[in-house]
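Each chain gets a letter, A, B and so on, in the order its sequence line appears, and its residues count up from 1.
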Amino acid sequence: MGCPISGLLIIKSEAIVYNPLMKRVLIRLLSVFITLFVLSLMVFLMIEGSLGDSSSLLLSEDAGEREIELYSQMRESGPFFVRYLSFLASFFSFDLGYSANGLLIAPMILSALRITLFISFSSVLISLVISLLWSLFASVRDGFSYRALEAFSIFISSLPSFVISLFLILVFSLKLRWFPTSGYVRIGDSFLGFLGSLFLPILVLALMHMSLMLRVFRSSFRSNLGSSYSLVLRSEGAKGVRLSFLTSFRESIPLIASLSADSLASSFSGSAVVESIFALPGVGSLLVSASLSRDFRLTGSILMVVAFLSSIFYLLSEFVAFLSDPRERRAR
Amino acid sequence: MRLRGGIIILGLILAFSFAFSFLEVGIDLSRSLSGASLTSPLGFDDLGRNYLVLLARGTLTSLFFSFISVSISFFLGTLLSLFLSLLKRGYELALSILDSVRMLPVTVVAIFLSSFFLLGELRIVISLVVVFTPMFTRISFLKLSEIRNREYILFLSKSRVSRSRVFFCHVVPHLWLSIRGAYGVYLSTSILLESTLSYLGLGLREERPSLGSIMANAKDYMLYRPSLLIYPTLIMLLISLSLYLISSSLGEFDSSLKRPLKGKLVNIAKFSSNRKARGES
């Protein structure tokens, strides 16, 4: 009995709970909100608690009206809770305020984000293609291909990205003179110059991603070769790389999705170093320069944007994993 | 074999850094970027400092601060996971909050945190501790749950042995055996992260050279003196390789189970040979 609307709500809520996709989406969305809440609180507390940050540099002896207005915008008054809510509201409306230099933060991050996302997506795409092909070959043979994969993977993961960047600059830019040592060329100015300026940064990030992808894909493909459906395919005449591809590719789509999301999120780490070395105007170099000048509002805003994007990447990877795996869809 | 190899490489690096780090570096601009000599087999840097001694000091600094930070994270993470495992409610929320920090790109978090502290030593330790504590908490919580569900622990819990005795005498000692492999992996990661922060100028102070700051100095002369870049890279590579070898071999077996089993097998073999010697069937 009871109100028909409440009955509808119950039916709807049951549909949500028993729909595995919706359940996953709700859990992941909840985790996105928890991440953003924890981070926003951390960033807010650190900005509030910090004394002598770069915003106070605006109030020098020759500070004009504009500097005083900017400073008052940075230092909001009122009770703690109200100030925190206003900080949160400004983040979600993408009104991130002003940096220590008096520039609007939101457009700064947006223009830098385009370059960082281009580098990140390109590096993940390149590393995925190479890792999948190499792992397919290495999964069917235990010889040179596998040993080369292991050695390459250990070698690259033992070095930080700045060391790889410096050696690539030394070889390709200073010795061979194929690419510029640093700097960014806009796509509108010269397409080849644009590709040349981004080639080495993309290569560094792709190598970093490949060190993880190669090992994971190879062990996944190898374990799939021992499965019962692989035996069926083998009995039908499939062998070698074809057998590995038929057995593993569809099975590996959730793995590919989750590794891609992980690599995209970690690209922000790599881009902070790589963009600083290659002098690219991306989010990473913006973060490093803001951190060196102790511009807490800008570093906090970048961290929150990066956290938000990373959570979105993980969310999308769960969608892909769910949609590509019928066992997940059937699970209730 | 791998464990021995890893320990030997790490031991050699430690011996090298301890042996040469106490020698005088000496700044002398007249010998700036000059080549190898008897007193300095690796040559001199731009400030005329003995590169061998500088490298030994940098290695020791990087190892020391990474070791301190990872050990603090390990201690805090294990303590936090022990506390969470004792809770009956609310641990999921605490874990999801820690997971939210763990999922963030580590270098970005470390750069963000290092901007808040002026003192180099403090900021590097705090940044690394904040990055690695959630990782240790998560992994030790998982291992703790797995150990508590092992058959002999369940058996002891059902018997008259007190809960605290089971926990501290049987569960906790096995925890270290399960997560020591992760300790090696995170130590290696923290050395790379520390050198990255020092390279970017967000790590240790300039007067305390680390591998990252040495390389930041060397990059300006890499075309004329690439060896200034190659030596620290080799050290970094060897440290990571040794820690990889150690952690991968430690993660493979549980020596607490292996040793008694080995002893038992020897006893069984002895018993069997004694029986044969006595002519028993």
Check your understanding: Is chain B contacted by the side chain of L166(A), its backbone, both, or neither, given a heavy-atom distance below 4.5 Å?
Key -> both

Revision key, fill the gap. Whatever's closer than 4.5 Å to a heavy atom in chain A on I239(B) counts as neither

Check your understanding: Can you check whether P105(B)'s main-chain N or O pairs, donor with acceptor, with S266(A)'s side chain at less than 3.5 Å?
Key -> no

Exercise for review: Name the member of D262(A), I154(A), L36(A), V273(A) that forms the most heavy-atom pairs with chain B at distances under 4.5 Å.
Suggested key: I154(A)

Exercise for review: Could you check if a side-chain atom of T233(B) sits within less than 4.5 angstrom of a side-chain atom of F167(A), using non-hydrogen atoms only?
Suggested key: yes

Check your understanding: Would you say Y221(B) has more than 12 foreign heavy atoms packed within less than 6.0 Å of its OH?
Key -> yes

Exercise for review: Determine the minimum heavy-atom distance between K175(A) and L223(B), stating which atoms define it.
Suggested key: NZ-O, 4.3 Å

Exercise for review: Below 4.5 Å from any heavy atom of chain B, which atoms of S267(A) appear? Answer side chain, backbone, both or neither.
Suggested key: neither

Check your understanding: Given that the side chain runs from C-beta out, which part of I302(A) has a heavy atom under 4.5 Å from chain B: side chain, backbone, both or neither?
Key -> neither

Exercise for review: State, yes or no, whether a side-chain contact exists between Y199(B) and S276(A) at a heavy-atom distance under 4.5 Å.
Suggested key: no

Exercise for review: Name the member of L238(B), V106(B), L229(B), L241(B) that forms the most heavy-atom pairs with chain A at distances under 4.5 Å.
Suggested key: L229(B)

**Study point:** Spacing of CG belonging to L237(B) relative to OG belonging to S158(A), to within rounding of 0.5 Å
**Key:** 5.5 Å

Practice item. Select one option (side chain, backbone, both, neither) describing which atoms of F162(A) are under 4.5 Å from chain B's heavy atoms. Key: side chain

Review point. If we only count heavy atoms from C-beta on, is the F112(B) to V43(A) side-chain gap below 4.5 Å?
Key: yes

Review point. Is any side-chain heavy atom of I277(A) less than 4.5 Å from a side-chain heavy atom of K219(B)?
Key: no

Check your understanding: Is it the side chain or the backbone of L104(B) that comes within 4.5 Å of chain A heavy atoms, both, or neither?
Key -> side chain

Check your understanding: Does the side chain of L159(A) reach to within under 4.5 Å of the side chain of L192(B), using non-hydrogen atoms?
Key -> no

**Study point:** M236(B) side chain near P160(A) side chain, heavy-atom distance below 4.5 Å
**Key:** yes

Study note, to complete from the structure: So, the part of F155(A) with a heavy atom under 4.5 Å from chain B: the answer is both

Practice item. Kindly indicate whether the side chain of T299(A), heavy atoms from C-beta on, has any atom under 4.5 Å from the side chain of I111(B). Key: no

Review point. side-chain contact (heavy atoms from CB on, under 4.5 Å) with L200(B): which of L287(A), L292(A), V288(A)?
Key: V288(A)

Check your understanding: Given a strict heavy-atom distance threshold of 4.5 Å, which part of S195(B) is in contact with chain A: side chain, backbone, both, or neither?
Key -> both

